[in-house]
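Everything on this sheet refers to the single structure shown next.
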Amino acid sequence: MSKTSFTAAELAERLGGDLRNCPGDRVLGQVLPLDQAGSGALSFLANPKYHARALQSGAGLILVDPGTDLGDRPQLVMKNAYWGFAQVLGWLHPEPEPEWSDAPVHPTAKLGRNCRVAPGATVGARTVVGDGARIHPGVHIAEDCVLGEDCVLFPGVVLYRGTILGNRVRIHANSVLGSDGFGYVPVQGVHRKIPQVGWVEVGDDVEIGATSTVDRGALGPTRIAAGTKIDNLCQVAHNVQIGEHCVIASMTGISGSTTLGHHVTLAGKVGTAGHIHIGSGSVLTGNTMVGKDVPDNSFMSGYLARPHKQWLECQAALNRLPALVKALKART
Amino acid sequence: MSKTSFTAAELAERLGGDLRNCPGDRVLGQVLPLDQAGSGALSFLANPKYHARALQSGAGLILVDPGTDLGDRPQLVMKNAYWGFAQVLGWLHPEPEPEWSDAPVHPTAKLGRNCRVAPGATVGARTVVGDGARIHPGVHIAEDCVLGEDCVLFPGVVLYRGTILGNRVRIHANSVLGSDGFGYVPVQGVHRKIPQVGWVEVGDDVEIGATSTVDRGALGPTRIAAGTKIDNLCQVAHNVQIGEHCVIASMTGISGSTTLGHHVTLAGKVGTAGHIHIGSGSVLTGNTMVGKDVPDNSFMSGYLARPHKQWLECQAALNRLPALVKALKART
Amino acid sequence: MSKTSFTAAELAERLGGDLRNCPGDRVLGQVLPLDQAGSGALSFLANPKYHARALQSGAGLILVDPGTDLGDRPQLVMKNAYWGFAQVLGWLHPEPEPEWSDAPVHPTAKLGRNCRVAPGATVGARTVVGDGARIHPGVHIAEDCVLGEDCVLFPGVVLYRGTILGNRVRIHANSVLGSDGFGYVPVQGVHRKIPQVGWVEVGDDVEIGATSTVDRGALGPTRIAAGTKIDNLCQVAHNVQIGEHCVIASMTGISGSTTLGHHVTLAGKVGTAGHIHIGSGSVLTGNTMVGKDVPDNSFMSGYLARPHKQWLECQAALNRLPALVKALKART
């Protein structure tokens with residue numbers, strides 16, 4: 001069922017649609033974003049905001065909805081190109097069968113020196129664990145993971161397949177790295193799954209609290225850079241990129257594809273929209289909900305986020321508002 | 001200790017209180033809501049809002065506080081009828097002893113064809129698992145569950161007793177279905193537990209993210225209908241009813257007994273009050289907190305929720321408010 | 001590597017800095033808060049707000065930043081005293097090696113009468129479990145815990161070392177008690193970990209929902225007093241003290257060192273700042289974010305929290321604000 005590549009003609013036949021500027025025998029073996037795709041890779045244009053990027057893309061084939069002018073780009077014009085993309089992704093990357101073994105540590109896994117794996121923990125096929133690891137009871141590490149040296153995974157931590165941890169990464173109980181990102185495409189009223197074929201990468205000296213979640217990328221990695229600390233019950237969505245030495249307090253959620261610079265502080269219960277950037281050195285106070293890009297070294301609060309001083313003024317003014325409304329009514 | 005039924009006279013004696021319009025030898029073997037209770041079932045009136053419903057109830061016996069006129073309804077007038085209800089529930093439904101076995105799959109459980117249960121997962125007594133299941137390491141399925149075909153439970157998922165899953169249900173790591181709802185009744189300053197004797201039902205093609213929780217109903221089911229997708233770190237409280245093809249993003253909490261229509265979208269960090277209805281096709285944007293019923297096809301934002309356009313206007317006006325307050329002060 | 005005490009001179013040498021009013025051979029074997037430290041204990045002054053407390057402290061040695069006048073107190077004047085404190089803590093309390101055994105119940109653990117430990121659960125070294133416990137599959141209890149009678153731990157619950165539970169404590173699936181608090185000290189742009197050497201104490205008849213987290217204290221306990229009920233997906237940070245018979249609904253987060261009186265109700269999604277007090281009998285409605293102390297018997301709402309009536313007035317006035325702004329513009 002699984003194939004490692006398709007010709008453009010095969011895709012046109014399977015997906016329906018109209019092939020333009022593309023030889024039918026062109027072989028496509030990857031799905032990549034518009035700006036990363038080369039001639040052997042398929043890409044897609046679903047969001048008009050990326051139109052210019054599509055025009056400049058070197059992708060071997062671009063799936064595109066009817067009515068969008070992509071000039072001389074090789075394209076497959078089809079109804080619901082986004083759904084086309086999801087289907088191709090699934091054909092090229094079907095969910096692999098789990099490769100469980102009776103041995104808690106899979107025979108093909110490699111443990112470094114001085115590693116300790118507790119009874120009841122499992123380490124998956126081809127996973128490589130660096131020296132000095134402490135893998136507590138009930139930890140489950142899936143296939144093809146790589147852990148650096150001196151990592152500590154507390155009980156119940158789950159690493160999905162392909163998760164990469166640096167050195168001295170410390171993850172508290174029942175946190176999950178590498179679960180599917182939340183991605184669906186509506187097809188006639190039904191939410192069809194977009195296969196999440198990326199992975200999670202975590203840098204050196206990262207600590208993650210208990211029962212937090214870091215989803216795998218849809219394409220490519222979700223990344224947490226070195227030295228960043230994440231508290232309990234946080235959510236890091238697919239393809240988020242977090243810079244170095246950030247501090248992210250409990251119950252904060254970072255939506256898909258959002259990027260953080262370095263030394264960002266998100267206090268408790270912060271929420272961010274997806275696809276935005278939070279500049280280096282910025283601080284968002286507790287409960288802030290941010291909907292658009294934040295410049296470097298900002299200090300913001302509120303729902304929606306405003307500069308902290310402005311937010312304080314709004315709060316003070318809001319407290320006076322009921323009296324103000326009454327007074328104005330009395331005058332008129 | 002456990003009994004399967006009580007006579008009205010026995011209940012009057014155990015609970016204290018005054019039996020009216022009800023023969024002492026009437027046998028009551030169930031506890032049900034006012035509108036579902038028949039002559040063999042006990043019900044209760046704790047919230048004055050349901051007074052009319054109590055007057056029309058066919059319940060064999062209604063527990064009611066002194067001073068409430070229930071006319072000719074069969075009733076047990078007692079102090080703190082709600083606590084009476086909780087006690088009867090506990091007498092009829094004592095928490096069953098767990099039925100663990102040395103075998104990971106209990107001898108009385110039934111697995112379909114082509115099921116795979118990882119080492120370290122457990123399947124409880126009388127549980128039935130449909131064809132093609134993938135039960136990852138560290139999954140614990142309790143007694144009397146029913147899983148449809150091709151379900152995937154990732155590591156650490158917990159299904160409490162009596163959980164029902166449809167076909168192709170996919171639940172990510174460390175999520176919990178069927179834990180007790182959060183229900184207590186204050187008795188002289190102490191919170192006494194209301195036994196949670198319902199269950200969880202999940203329809204076909206539902207996907208639930210990592211470390212989310214779905215509580216069992218207090219009475220009857222908590223229900224998630226077919227095609228609905230729920231993200232990481234979400235909370236679905238007891239007796240919530242979610243319609244088909246809803247999309248519920250990360251960190252959203254739905255309070256007890258709230259109902260959602262079909263094709264509802266709740267963006268991240270949404271919160272709802274309990275006992276409200278959110279109409280089909282509605283969209284609540286990220287961080288919205290909704291306190292009352294939402295009509296079909298609404299588009300709302302804010303704390304508290306307002307129509308999105310109105311919320312935007314309020315936000316804009318709020319930003320001007322500090323200057324406005326100053327200007328008005330200057331004038332007076 | 002690990003030592004159980006240091007002389008003042010050794011500390012001065014290891015940390016750098018200037019020893020004052022303290023004999024070099026004074027032995028310090030503990031780290032304690034300023035108001036609890038005696039002559040054999042080290043303490044520190046990092047927050048100017050505690051200056052008076054430092055002046056009255058009986059600590060055998062106080063780490064203090066240059067430029068702070070501590071009069072005749074025994075002191076080690078050093079750059080970044082807070083980091084000095086974290087280092088000493090780590091020297092005195094290095095993270096112990098886990099003491100796993102092949103037996104699910106460690107040979108040195110003690111189980112009371114009528115305890116049941118499911119296959120796949122583990123009970124750590126020296127842990128004492130009271131009579132009648134039900135330890136479900138996949139529960140992991142670490143070293144040196146104490147559980148009272150008739151506790152129920154549902155699947156996947158994790159208790160870190162040193163956790164103390166009273167009688168009839170009930171913890172739902174995948175919740176975590178005793179994970180490290182979120183404490184770091186910035187040292188030249190890098191977040192260095194403050195060892196979390198406290199523990200968690202839970203009183204009688206406490207119930208905790210699914211996938212909630214209670215962090216161990218940094219120093220001393222995080223405490224949840226008898227009769228309190230906590231819902232799913234809640235966060236209780238390090239050194240929080242929760243009184244008796246509180247009710248804390250889902251997705252609520254309580255920041256570090258905050259204290260709650262008795263009979264406090266926090267509705268869903270409430271957030272609190274750290275180091276504040278919420279008075280007995282207070283109610284915070286759903287989604288409230290509280291930033292400062294709350295008097296007893298308050299009823300509050302909003303972000304930021306206001307008395308509920310005032311919040312309602314603000315909400316009503318806010319809804320009128322756009323029209324008001326327009327009207328005022330028209331006049332000028």
Side-chain angles (χ1 to χ4, degrees), chain B residues 95 97-98 100-104 120-122 124 138-140 142 156-160 174-182 184 186 189-191 193 211-215 233-235 237 251-253 255 269 271-274 289 291 303-304 306 310 313-314 316-318 320-321 324 327-328, chain C residues 116-121 134-139 152 154-157 170 172-175 205 207 209-212 226-233 244-251 262-263 267-269 285-289 301-303 315 318-326 328-329 332:
Chain B
E95 188 157 271
E97 268 295 310
W100 302 319
S101 69
D102 285 333
T122 61
V139 168
H140 299 295
V157 164
V158 175
L159 305 185
Y160 280 59
N174 286 345
S175 279
V176 175
L177 277 69
S179 41
D180 282 355
F182 197 61
Y184 303 91
V190 173
H191 303 286
K193 186 171 178 70
T211 76
S212 283
T213 56
V214 182
D215 280 345
L233 289 163
C234 288
Q235 150 77 346
M251 297 182 149
T252 288
S255 296
K269 282 189 173 260
T272 82
M289 178 66 37
Y303 163 39
L304 292 175
R306 299 163 168 81
Q310 183 188 345
E313 289 167 355
C314 287
L318 187 57
R320 287 190 194 167
L321 189 58
L324 189 71
L328 287 170
Chain C
R116 297 182 59 200
V117 178
R134 295 291 173 270
I135 313 288
H136 282 253
V139 169
V152 183
F154 286 95
V157 165
R170 193 175 158 88
H172 285 278
N174 287 344
S175 278
D205 300 301
E207 182 160 17
T211 77
S212 283
T228 284
K229 313 297 184 184
I230 298 180
D231 200 352
N232 300 344
L233 290 164
E244 297 182 358
H245 304 298
C246 295
V247 172
I248 297 173
S250 182
M251 296 181 150
H262 305 304
H263 292 281
K269 283 189 174 258
T285 68
N287 217 37
T288 296
M289 178 66 37
S301 299
Y303 164 39
Q315 288 281 316
L318 187 56
N319 280 333
R320 286 188 195 169
L321 189 58
L324 188 70
V325 169
K326 261 186 221 163
L328 286 169
K329 256 188 168 171
T332 53

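The chains referred to below are lettered A, B, ... by the order of the sequence lines, with proteins before strands, and numbering in each begins at 1.
- Contact tally against chain B (heavy-atom pairs below 4.5 Å) for A226(C), G120(C), A118(C), G138(C): the top residue is A118(C).
- In this structure, A210(C) and S179(B) approach most closely via the heavy-atom pair CB-OG, 3.9 Å.
- Although no hydrogens or angles enter the test, the distance criterion places no donor-acceptor pair under 3.5 Å between the side chain of N174(C) and the main chain of T211(B).
- Residue contact with chain C, scored on non-hydrogen atoms closer than 4.5 Å, involves the side chain of L324(B) exclusively.
- Using a 4.5 Å cut-off between heavy atoms, T288(C) touches chain B through backbone and side chain atoms alike.
- Using a cut-off of 4.0 Å between Lys/Arg side-chain N and Asp/Glu carboxylate O, R134(C) and E95(B) are scored as not salt-bridged.
- Aromatic ring orientation, H263(C) versus H191(B): tilted (interplanar angle from 30° to 60°).
- Options I230(C), V152(C), T228(C) differ in how many heavy-atom pairs under 4.5 Å they form with chain B, and the most are formed by I230(C).
- Within the 4.5 angstrom heavy-atom criterion, atoms from both the backbone and the side chain of V190(B) approach chain C.
- Nearest approach of K269(C) to T252(B), heavy atoms of both residues: NZ-CA, 4.4 Å.
- The NE2 atom of H172(C) lies 10.0 Å from the CZ atom of F182(B); values are rounded to the nearest 0.5 Å.
- The residue among T122(B), D180(B), D215(B) with the most heavy atom pairs within less than 4.5 Å of chain C is D180(B).
- Taking CD of Q235(B) as the reference point, atom CG of D231(C) lies at 5.5 Å (rounded to 0.5 Å).
- Side chain of R116(C) to backbone of P98(B): a donor-acceptor contact under 3.5 angstrom is found.
- For chain C, the nearby parts of L233(B) are the backbone and the side chain; heavy atoms of each come within less than 4.5 Å.
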*Chi angles and distances behind the side chain to side chain contact (heavy atoms under 4.5 Å, CB included) call for K193(B), E207(C)*: CA-CA 9 Å; K193(B) 186 171 178 70; E207(C) 182 160 17; 3.0 Å; yes
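- With a 4.5 angstrom heavy-atom cutoff, S255(B) does not touch chain C via any of its atoms.
- Both the backbone and the side chain of Y303(B) come within less than 4.5 Å of a heavy atom in chain C.
- To the nearest 0.5 Å, atom CG of residue L321(C) and atom CG of residue L321(B) are 5.5 Å apart.
- Annotation: maximal heavy-atom pairing with chain B below 4.5 Å, among V325(C), L318(C), D205(C), occurs at L318(C).
- Both the backbone and the side chain of H136(C) come within contact range of chain B, judged by heavy atoms closer than 4.5 Å.
- Of all heavy-atom pairs between K229(C) and Y184(B), the closest is CD-CE2, 3.6 Å.
- Of the two parts of T272(B), neither the backbone nor the side chain holds a non-hydrogen atom closer than 4.5 Å to a non-hydrogen atom of chain C.
- When each of G189(B), G156(B), G178(B), A316(B) is scored by its heavy-atom pairs under 4.5 Å with chain C, the top score falls to G189(B).
- One distance of note links CE of M251(C) with OG1 of T213(B); it measures 6.5 Å at 0.5 Å rounding.
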